[in-house]
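Worksheet for the structure shown next.
To find a chain, count down the sequence lines: A is the first, B the second, and so on, and within it residues start at 1. In this text, all values refer to a predicted model and were calculated from it rather than measured experimentally.
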Number of protein chains: 2
Amino acid sequence: MNSTSDEIKDDYNFISEALIDIYDQIMRIEESEIRKSQFKDITAKELHLIHTIGLHDRKTTSEVSRVLKLSKGTLTANLNNLEKKGYIIRMINQQDRRIINLGLTSKGRLLYRAHYAFHRQLVESCLKGFDGSDIRKMRQALVNVEKFIDEVSSK
Amino acid sequence: MNSTSDEIKDDYNFISEALIDIYDQIMRIEESEIRKSQFKDITAKELHLIHTIGLHDRKTTSEVSRVLKLSKGTLTANLNNLEKKGYIIRMINQQDRRIINLGLTSKGRLLYRAHYAFHRQLVESCLKGFDGSDIRKMRQALVNVEKFIDEVSSK
DNA sequence: CTAAAATAGTTTGAAATTCAAACTATTTTG
DNA sequence: CAAAATAGTTTGAATTTCAAACTATTTTAG
């Protein structure tokens, strides 16, 4: 297929606009889907936190607050809520008792998997009809975004 | 190029993970870049609102609150802030004096363009080395996401 | 070996953001 | 023209966030 530079420019504009708008909708839909299920007490932010804590990582509070760029105080408050609701547990690290390692309860792991499944569904529908090399290209595009973000942040 | 179904599955996982993580970073970097410029008093949420108000649309408060899914009260508060800081103006609609039409000041338009330029830069770096048909594919992927979102929201 | 410094996480108090409901002003409807 | 509907604002409460002060523990330096 052949494309003029004007057509490419239109695509760039379309893609820019779409990206600006889509994410908000994804966040919202992600939250509303999860709240239709057994997890009625979970917000999009909490989903994000559950995802960051992860299935097997035993991350510390400081690690998570660094990754999510939340102050430690804010994170403590968020963890209190999720602990009360039964999604996470705090484990005192026995090598260094200042440190709290974070883990998901079985309910938390269930939620993690439901959230992940939703994202998989989204990605699958997004790449419907794409072949292996198309998908490789999509992946490259995301790597490029990550590189762009790194460059901008470090400059 | 040939790809086994396993390799495709890996790509799907990679893309899912990347999507979950990237958006937060984009929001943050977008805000921090804009705050390095002359627009030091603007948050990511305000950027989003400025973008929605748009350059030429003269949208009403209700329209904007519907698009952004904010309550009217919240939007009024946000608009008060942006008005105080000189980015937007409210115009009473003379055909129907209950209605407020929203517009950007010249400062607001400058900010709009800076924000848009940043997104264009991001998209350009993301699609670096892609040809017309690759870009068409990216565009299709975004259309698919939009369709997915619509289906999920309406079901 | 111990006192001082550093580190991990929590608590606290204030500021900002959000929402729903009540309210004001205006227009539409019956 | 009175009642209902609509657009936007105000209000008060709930939630979220942050930075700074604080507690508990470990590391470092003399």
Side-chain angles (χ1 to χ4, degrees), chain A residues 24-25 27-28 30-32 34-35 39-53 57-85 87-103, chain B residues 24-25 27-28 30-32 34-35 39-53 57-85 87-103:
Chain A
D24 227 45
Q25 297 180 58
M27 290 280 281
R28 199 150 27 227
E30 189 172 86
E31 176 174 310
S32 78
I34 229 66
R35 292 176 81 116
F39 308 110
K40 308 207 184 307
D41 55 357
I42 287 293
T43 64
K45 276 176 190 165
E46 287 173 324
L47 266 183
H48 198 171
L49 176 47
I50 294 273
H51 179 81
T52 302
I53 290 172
D57 294 354
R58 300 264 183 268
K59 292 199 181 76
T60 68
T61 298
S62 293
E63 275 165 356
V64 172
S65 83
R66 203 175 319 118
V67 170
L68 296 182
K69 263 115 181 167
L70 290 175
S71 74
K72 290 155 135 211
T74 300
L75 187 57
T76 294
N78 285 262
L79 292 173
N80 289 342
N81 291 337
L82 284 178
E83 197 178 39
K84 242 177 288 169
K85 293 192 252 183
Y87 291 94
I88 65 139
I89 42 169
R90 289 170 155 114
M91 291 161 288
I92 295 173
N93 183 313
Q94 289 309 323
Q95 272 70 57
D96 181 341
R97 287 172 27 254
R98 291 170 302 185
I99 294 176
I100 303 280
N101 288 110
L102 299 170
Chain B
D24 227 47
Q25 297 180 58
M27 289 280 284
R28 200 151 25 229
E30 189 171 85
E31 175 174 310
S32 78
I34 228 68
R35 292 178 80 117
F39 307 109
K40 307 205 184 309
D41 55 358
I42 287 293
T43 64
K45 275 175 190 165
E46 286 173 325
L47 266 184
H48 198 172
L49 175 48
I50 295 273
H51 179 80
T52 302
I53 290 172
D57 293 354
R58 300 266 183 264
K59 293 200 181 75
T60 68
T61 299
S62 293
E63 276 166 356
V64 171
S65 83
R66 202 175 321 117
V67 171
L68 295 182
K69 264 116 183 167
L70 290 175
S71 73
K72 290 154 132 211
T74 300
L75 186 57
T76 294
N78 285 245
L79 292 173
N80 288 343
N81 292 336
L82 283 178
E83 197 178 39
K84 243 176 286 169
K85 293 191 250 183
Y87 291 95
I88 65 141
I89 41 169
R90 288 170 156 116
M91 290 162 289
I92 296 173
N93 183 313
Q94 289 309 323
Q95 274 68 57
D96 181 343
R97 288 174 23 255
R98 292 169 301 182
I99 295 176
I100 303 281
N101 288 111
L102 300 170

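- In this structure, B:Leu49 atom CG and C:dT17 atom C1' are separated by 13 Å, rounded to whole Å.
- Protein atom CG of A:Leu102 is 14 Å distant from nucleotide atom P of C:dA8, rounded to whole Å.
- At a threshold of 4.5 Å between non-hydrogen side-chain atoms, the residues A:Leu70 and A:Val64 do not count as touching.
- Identified under the salt bridge (charged side-chain N to carboxylate O under 4.0 Å, His left out) test for residues 70-80 of chain A, with sequence neighbours left out: none.
- Distance NE2 (A:His48) to P (D:dT17): 12 Å, rounded to an integer number of Å.
- Protein atom CG of A:Asn81 is 15 Å distant from nucleotide atom P of D:dA14, rounded to whole Å.
- Using Watson-Crick or G-U wobble geometry with both donor-acceptor distances under 3.5 Å, C:dG30 finds its partner in D:dC1.
- Between A:Thr60 and C:dA8, a side-chain N or O to OP1/OP2 separation shorter than 4.0 Å is absent.
- Searching all strands for a Watson-Crick or G-U wobble partner of D:dC22 with both distances below 3.5 Å returns C:dG9.
- Within 4.0 Å (heavy atoms only), A:Thr61 reaches sugar-phosphate atoms of the nucleic acid but no base atom.
- Residue B:Arg90 contributes atom CZ, which lies 16 Å from atom P of D:dA7 at whole-angstrom precision.
- Using a 4.0 Å heavy-atom criterion, one finds that B:Thr76 contacts the bases of the nucleic acid, with or without backbone contacts as well.
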Where protein sits on nucleotides 18-30 of chain C, one letter per nucleotide: B base, S sugar-phosphate only, - none, heavy atoms under 4.0 Å: SB-----BBS---
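- For B:Asp24 and D:dT17, the CG to P distance is 11 Å, given to the nearest whole Å.
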